Amino acid sequence: MKAAKAAKSATKAKAATTGKSATTAKAATTAASGTESGAAATTAKSATTAKAAAPRKAPKAESHLAMVRRARRINRELAEIYPYAHPELDFRNPFELLVATVLSAQTTDLRVNQTTPALFAAYPTPEDMAAAVPEEMEEIIRPTGFFRAKTKSLLGLSAALRDEFGGEVPGRLEDLVKLPGVGRKTANVVLGNAFGVPGITVDTHFGRLVRRWKWTDEEDPVKVEAVVAGIFPKSEWTMLSHRVVFHGRRICHARKPACGACPIAPLCPSYGEGETDPEKARKLLKYEMGGYPGQRLSPPADYPGKPAPALGAG
């Protein structure tokens with residue numbers, strides 16, 4: 001009887017062990033199957049994500065000819081937007097333009113225009129300016145900044161004009177760049193606007209915009225000038241410079257260009273660098289484009305904006 005009981009207990013234990021093993025095996029199989037399914041789902045999801053995140057094909061590179069055509073179209077459209085584009089320094093003769101351009105370094109044309117009336121009242125000719133007392137000139141041009149260095153340049157170039165050019169501003173690039181404080185940019189401004197000699201003025205605005213428009217990636221002003229000169233006929237150089245600078249000062253600002261209010265946005269490969277919302281962009285416009293006074297106290301007759309205020313007038 002005891003033997004029969006023992007045998008029965010052993011059979012039950014074996015069955016329980018067998019059932020438990022089967023259950024464990026089944027659970028393991030189920031888990032493995034679930035893991036494989038999960039892994040497959042994850043792999044599929046990753047593949048889908050990778051496909052969605054795959055970079056778009058790069059736009060076809062613009063040929064040089066296409067760039068030239070686009071650049072010339074930009075110039076034509078700027079001519080329609082700014083038919084009144086002009087140098088934004090007040091001047092009545094080559095000497096005044098030369099002096100004003102030297103003073104414009106590291107300051108605004110507005111500040112120069114507010115300063116030069118007193119300067120030219122005191123020193124109307126190269127001979128007068130060459131004989132100036134440095135400290136007195138420094139006090140007059142102080143508002144333009146770097147007044148000691150600028151005074152030195154003005155005294156030097158005035159003396160050179162008096163001694164080497166008979167008191168007249170020369171009309172050749174090679175002569176102008178020899179004068180103290182005068183580089184290619186200043187020389188081209190004077191040649192283009194006082195002598196009618198075509199020239200490209202590469203200031204900070206001009207350089208910034210031609211790089212945004214992908215006309216060149218050069219940073220050196222002389223190289224920028226050479227590249228742009230190869231894109232446009234010589235007859236366009238001076239007015240092109242005015243139009244580009246006008247656009248840079250009014251719409252295509254350095255820090256926050258008003259892309260949403262830019263008339264040439266469809267031609268700009270850098271569209272989107274600035275504010276694209278039209279309403280917000282319009283609030284970024286400057287000078288006559290935004291309803292504000294311009295930089296010249298005595299602007300040309302066709303200028304649609306308001307004249308700038310005199311120094312101390314607001």
Side-chain angles (χ1 to χ4, degrees), residues 59-89 108-110 189 192-193 198-218 224-225 227-296 299-308:
K60 188 177 179 181
E62 185 178 44
S63 68
H64 180 73
L65 178 58
M67 181 275 290
V68 169
R69 287 174 174 168
R70 180 172 57 82
R72 292 182 176 182
R73 185 177 172 189
I74 286 175
N75 182 42
R76 290 194 298 272
E77 297 207 9
L78 290 179
E80 294 182 7
I81 299 165
Y82 308 109
Y84 49 83
H86 57 268
E88 293 193 271
L89 291 169
T108 64
D109 286 358
L110 170 60
V189 168
N193 298 285
I200 295 173
T201 302
V202 183
D203 67 355
T204 55
H205 301 288
F206 192 95
R208 179 178 73 253
L209 267 62
V210 299
R211 284 187 287 274
R212 278 182 178 166
W213 293 334
K214 310 302 181 187
W215 295 0
T216 180
D217 57 3
E218 296 288 355
V224 171
E225 180 185 340
V227 171
V228 177
I231 298 174
F232 297 92
K234 199 170 184 178
S235 59
E236 286 290 314
W237 290 357
T238 300
M239 287 309 300
L240 169 72
S241 300
H242 293 324
R243 294 165 191 151
V244 173
V245 171
F246 254 61
H247 194 64
R249 287 174 170 169
R250 285 148 179 79
I251 297 178
C252 198
H253 314 306
R255 294 184 181 177
K256 200 170 185 180
C259 295
C262 180
I264 61 169
L267 297 172
C268 181
S270 298
Y271 174 79
E273 283 189 10
E275 181 58 66
T276 56
D277 180 84
E279 286 299 319
K280 293 179 180 178
R282 275 193 284 273
K283 294 178 181 178
L284 300 174
L285 302 180
K286 295 182 178 179
Y287 304 115
E288 77 285 351
M289 299 296 281
Y292 305 107
Q295 297 206 76
R296 291 187 67 164
D302 64 344
Y303 180 63
K306 304 172 185 176

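Just so you know, these numbers come straight off a predicted model, no measurement behind them.
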| request: Please identify each residue that fulfils side-chain contact (heavy atoms from CB on, under 4.5 Å) with Ser63, with sequence neighbours left out. | output: Leu65, Ala66
| task | Check the pair His86 / Asp302 against side-chain hydrogen bond (donor to acceptor under 3.5 Å, both in side chains), numbers first and verdict last. | result | CA-CA 10 Å; His86 57 268; Asp302 64 344; 5.4 Å; no
| Could you give the distance from CG (Leu267) to CD1 (Ile74), rounded to the nearest 0.5 Å? | 5.0 Å
| message | Using modelled atom types and a 3.5 Å cut-off, is there a donor and acceptor pairing between side-chain atoms of His253 and backbone atoms of Leu284? | response | yes
| query | Is the shortest side-chain N to carboxylate O distance from Glu62 to Lys214 below 4.0 Å? | reply | no
| task | State, to 0.1 Å, how close Cys259 and Gly274 come at their nearest heavy-atom pair, and which atoms those are. | result | SG-N, 3.3 Å
| task | Compare every heavy atom of Ala281 with every heavy atom of Ala261, then report the nearest pair and how far apart it is. | result | N-CB, 3.5 Å
| query | Should the ring pair Trp215 and Trp213 be called parallel, tilted or perpendicular, given that the plane angle runs from 0 to 90° and is split at 30 and 60? | reply | tilted
| query | Are side-chain heavy atoms of Val245 and Asp203 found at a separation under 4.5 Å? | reply | yes
| If you round to the nearest 0.5 Å, how far is CZ of Arg70 from CD1 of Ile231? | 9.0 Å
| remark: Shortest non-hydrogen pair, Cys252 vs Leu209, comes out as O-CD1, 3.6 Å
| request: Report yes if some heavy atom in the side chain of Pro300 is under 4.5 Å from a heavy atom in the side chain of Tyr84; otherwise report no. | output: no
| query | Between Arg76 and Glu80, is there a side-chain N and carboxylate O pair less than 4.0 Å apart? | reply | no
| field | Test side-chain contact (heavy atoms from CB on, under 4.5 Å) applied to Val228 and Leu240, step by step | value | CA-CA 10 Å; Val228 177; Leu240 169 72; 3.7 Å; yes
| Between Glu225 and Phe206, is any pair of side-chain heavy atoms under 4.5 Å apart? | no
| query | Is there a donor-acceptor contact under 3.5 Å from the side chain of Arg211 to the main chain of Glu218? | reply | yes
| query | Side chain of Arg208, backbone of Gly248: donor and acceptor closer than 3.5 Å? | reply | yes
| Can you name the closest pair of heavy atoms from Met239 and Ala85 and give their distance? | CE-O, 3.5 Å
| message | Rounded to the nearest 0.5 Å, what separates atom CD1 in Ile81 from atom SG in Cys262? | response | 6.5 Å
| field | Backbone N/O of Gly260 and side chain of Thr276: donor-acceptor pair under 3.5 Å | value | no
| said: By the salt bridge (Lys or Arg N to Asp or Glu O under 4.0 Å) test, which pairs, at least two apart or in different chains, include something from residues 238-262? | reply: Glu88-Arg249, Glu88-Arg250, Asp109-Arg249, Glu236-Arg243, Arg250-Glu288
| If you round to the nearest 0.5 Å, how far is NZ of Lys283 from CG of Asp277? | 9.0 Å
| task | Give, for atom CG of Leu110 and atom CZ of Arg296, the distance between the pair rounded to the nearest 0.5 Å. | result | 12.5 Å
| task | Report the distance from atom CD1 of Ile264 to atom CD1 of Ile251, rounding to the nearest 0.5 Å. | result | 8.0 Å
| field | Closest non-hydrogen atom pair, Leu285 against Ala258 | value | CD2-CB, 4.0 Å
| What closest approach, in Å, do Ala308 and Gly294 show between heavy atoms, and which atom pair accounts for it? | CB-O, 3.2 Å
| request: Could you go through the side-chain contact (heavy atoms from CB on, under 4.5 Å) check for Lys306 and Tyr292 one step at a time? | output: CA-CA 7 Å; Lys306 304 172 185 176; Tyr292 305 107; over 6 Å; no
